[in-house]
Asks: 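Quick one: the structure is below, and I'll ask about it shortly.
Reckoned from all heavy atoms, side chains included, excluding hydrogens, waters and symmetry mates. Since we're looking at a predicted model, the values are computed, not measured.
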Amino acid sequence: MDTTTLKSESKEMIRKYGLSQRSAQNAVRGHPWDKVAAMQTNVWTPENPDGLVFLGVAENSLLQHEIGAYIKKSVAASTNGHLGYGVGPRGSPCLRKALASFFNSEFRSHDPVRDTDVVVLPGVISVLDALCWSICDEDEGIIVPMPYYTGFKPAVQERSRGVLIPAAFQSVEGYQNLDDVFNPTMNKKALESALQRAASDGVKPRAVLISNPHNPLGRCYPAETLREIARFCGTNNLHLISDEIFAKSVYENPRASRAMPFTSVVSLDLGDCIARHLVHVAYGIGKDFCASGLRIGVLVSRNDGLLTVVTTISVFEWVPYLTQNAWAEMLEDDQFLSAFIAKNTHLLGEHCAIARKLLEDHNIPYYHNANAGTFLWIDLRRYLKVSGKQEAVSNLSDSRSPLSDLESYRQREMELFKRCLERGVGISTGSSFCTEELGWFRICFAVEKSALYVGLQRLLGCLEGFETNN
């Protein structure tokens, strides 16, 4: 939405409903939750075979039954521990202690994480929102490499009124393919270009925000690339924020010839790259522990001033102690934790293989070097081509295509998305991830196996019909 339209519609919301200017802007930008709620009223099950198979949200439902059973068996409400205010909103002592140990052992922190380095908030999106509010004044910016997780937009914009500064790769000299998103030299060039563009637009950058493992590409950053990003941040006095919510969802993918194991920024000695008080990690229970609905996120930082600031607003985002202690029980149960992580990563690899095989059998390209997360980045560019036009599939780029063609491609992208919904399967458009090239979509495979087969078959049928009618 352009600035003129945003201001005009915001004024009407203020006049009609008596809203503040900032809240009116949020209302005009809209939200997805009414549509999500509508989709949830008719979800596929074996008993409801005509329901929607939703492969558009990166949830992991593969072991939800095990998490539910563990909580039911191990956690009981206590008067003193769960029903009072306790020590306040920063996090229960037992969870912060368990998380510090978890980061030291599982993330292999270079410098030991202390429980005082940890603040608990309701989900990673709340952690990112709190960070942006703490380091950005209104209209200051956060640089984000493209493509990026769709949730970064509200985290930066909704409350903090920050500005997302996309770091593009396709316009960088030497760009070849999506593997360059993980190349240290290409990252340096893309970030420097974004910094220059921000300066020309009058926007002051305050941080670089990445997702590692990457969402939507499903690949871990190499250590040398993380160092290069950290060095760029240190040179320019920027914060480095790493969203690591899929850290323990790394699986085997024999097709991923360039895939790397997960490396957390806290595991690296970055002393020659960036001051330690500028490095922050966001993590949560939602993905690796199949429990998005429990809404627990954690900020890890060695910046005492920032932790103090986040604590002052955490009173508005207080996670129930009963929920916190449920996760603490899991983290402190070494036998359960190791077995659960191993089983989860095995199932992710198994379900990813199912999705890959069906895509390959029907000649649908996808980004092969994925080995983390719950999704694949699939290439449906050929379905956006308009019948009768001799256009190359590789020309659906924001930086290379005429505006008239881009609008046509965006319309085709939305038409394909809607056609899939009509056929009973939901997927995510590349536009929602600020893709540089239209025609890429994200599909999630961490659903019940029978639902995955049904959803993929519906997608394949939709694509066949869409191409025939094009």
Side-chain angles (χ1 to χ4, degrees), residues 91 94-120 124 127 131 182 184 187 208-215 218-231 233-234 239-253 256 258-289 296-303 307 327-328 330-346 348-349 370-373:
C94 63
L95 178 57
R96 295 170 75 194
K97 180 181 177 182
L99 282 166
S101 177
F102 181 73
F103 274 95
N104 290 327
S105 60
E106 297 293 330
F107 286 52
R108 304 187 180 189
S109 181
H110 180 267
D111 297 318
V113 174
R114 307 163 299 173
D115 57 356
T116 52
D117 299 327
V118 174
V119 175
V120 178
V124 166
V127 174
L131 279 168
F182 302 91
N187 268 271
V208 171
L209 169 60
I210 63 171
S211 55
N212 179 36
H214 194 284
N215 183 1
R219 180 175 168 183
C220 303
Y221 278 92
E224 58 268 28
T225 304
L226 294 173
R227 289 184 185 280
E228 194 61 61
I229 295 172
R231 188 173 292 109
C233 291
H239 294 262
L240 171 57
I241 303 170
S242 183
D243 173 356
E244 302 184 355
I245 194 170
F246 288 104
K248 306 305 294 182
S249 295
V250 180
Y251 55 85
E252 291 291 329
N253 177 3
R258 297 190 178 184
M260 305 290 292
F262 169 71
T263 300
S264 173
V265 294
V266 300
S267 71
L268 300 174
D269 181 1
L270 299 176
D272 60 340
C273 301
I274 187 173
R276 70 198 302 251
H277 74 275
L278 293 176
V279 180
H280 321 291
V281 169
Y283 184 65
I285 192 174
K287 311 301 183 181
D288 292 345
F289 290 84
I296 313 177
V298 53
L299 165 64
V300 176
S301 176
R302 275 58 179 264
N303 187 323
L307 290 170
W327 194 17
M330 298 178 210
L331 296 176
E332 292 174 340
D333 188 336
D334 293 338
Q335 184 176 354
F336 168 81
L337 186 64
S338 60
F340 180 86
I341 291 174
K343 187 173 184 179
N344 183 50
T345 55
H346 171 77
L348 287 172
N371 70 325

Asks: If I take atom CD1 from residue Ile229 and atom CZ from residue Arg231, how far apart are they, to the nearest 0.5 angstrom?
Replies: 11.0 Å

Asks: Distance from Leu331 atom CG to Ser105 atom OG, nearest 0.5 Å?
Replies: 9.0 Å

Asks: Do the side chain of Asp333 and the main chain of Met330 share a donor and acceptor less than 3.5 angstrom apart?
Replies: no

Asks: Donor-acceptor check, side chain of Arg96 to backbone of Val118, threshold 3.5 angstrom: yes or no?
Replies: yes

Asks: With the threshold set at 4.0 Å, does a side-chain nitrogen-carboxylate oxygen contact exist between Asp115 and Lys97?
Replies: no

Asks: Backbone N or O of Val266 within a donor-acceptor pair of the Ser264 side chain at under 3.5 Å?
Replies: yes

Asks: Distance check, rounded to the nearest 0.5 Å: Ser301 atom OG versus Leu131 atom CG?
Replies: 7.5 Å

Asks: Does Asn212 reach the main-chain N or O of Ser242 with its side chain, forming a donor-acceptor pair under 3.5 Å?
Replies: no

Asks: Tabulate below the donor-acceptor pairs under 3.5 Å that side-chain atoms of residues 268-276 make, not counting sequence neighbours, or state none.
Replies:
from, atom 1, to, atom 2, distance (Å)
Asp269, OD1, Gly271, N, 3.2

Asks: Under 3.5 Å, side chain of Asp243 to main-chain N/O of Leu209, donor-acceptor pair present?
Replies: no

Asks: Tell me every residue that passes ring pair (Phe, Tyr, Trp, His ring centres under 6.0 Å) with Phe246, counting only those two or more places apart in sequence or in another chain.
Replies: Phe375

Asks: With Phe107, which residues qualify under ring pair (Phe, Tyr, Trp, His ring centres under 6.0 Å), at least two apart?
Replies: Phe102, Phe103, Phe262, Tyr283

Asks: If we ignore hydrogens and angles and just use 3.5 Å, is the side chain of Asn104 paired with the main-chain N or O of Val113 as donor and acceptor?
Replies: yes

Asks: Decide yes or no for Val298 and Leu95: does some side-chain heavy atom of the first lie under 4.5 Å from some side-chain heavy atom of the second?
Replies: no

Asks: Please tell me if the side chains of Leu99 and Val120 come closer than 4.5 Å, counting only heavy atoms from C-beta onward.
Replies: yes

Asks: Could you check whether any side-chain heavy atom of His280 comes within less than 4.5 Å of a side-chain heavy atom of Val127, counting everything from C-beta outward?
Replies: no

Asks: Ignoring hydrogens and angles, tell me if any N or O in the side chain of Asn371 forms a donor-acceptor pair with the backbone of Val250 under 3.5 Å.
Replies: no

Asks: Distance from Leu348 atom CG to Lys287 atom NZ, nearest 0.5 Å?
Replies: 12.0 Å

Asks: When rounded to the nearest 0.5 angstrom, what distance separates CG in Leu226 from OG in Ser267?
Replies: 8.0 Å

Asks: Please list, chain by chain and in numerical order, all residues satisfying ring pair (Phe, Tyr, Trp, His ring centres under 6.0 Å) with Phe182, sequence neighbours excluded.
Replies: His214, Tyr221

Asks: Output all residues satisfying side chain to side chain donor-acceptor pair (under 3.5 Å) with Asn303, sequence neighbours left out; order by chain, then residue number.
Replies: none

Asks: Could you pull out all residues at least two apart from Glu224 that satisfy side-chain contact (heavy atoms from CB on, under 4.5 Å)?
Replies: Pro184, Pro222

Asks: Indicate yes or no: at least one non-hydrogen side-chain atom of Arg302 is less than 4.5 angstrom from one of Asp111.
Replies: yes

Asks: Side-chain contact, heavy-atom cut-off 4.5 Å: Leu299 with Leu307?
Replies: yes

Asks: How many angstroms lie between CG in Asp288 and CD1 in Ile245, if you round to the nearest 0.5 Å?
Replies: 7.5 Å

Asks: Of all heavy-atom pairs between Pro112 and Asp117, which one has the smallest distance, and what is that distance?
Replies: O-OD2, 4.1 Å

Asks: Using every non-hydrogen atom in the two residues, find where Pro261 and Cys220 come nearest and quote the distance to one decimal.
Replies: O-CB, 3.7 Å

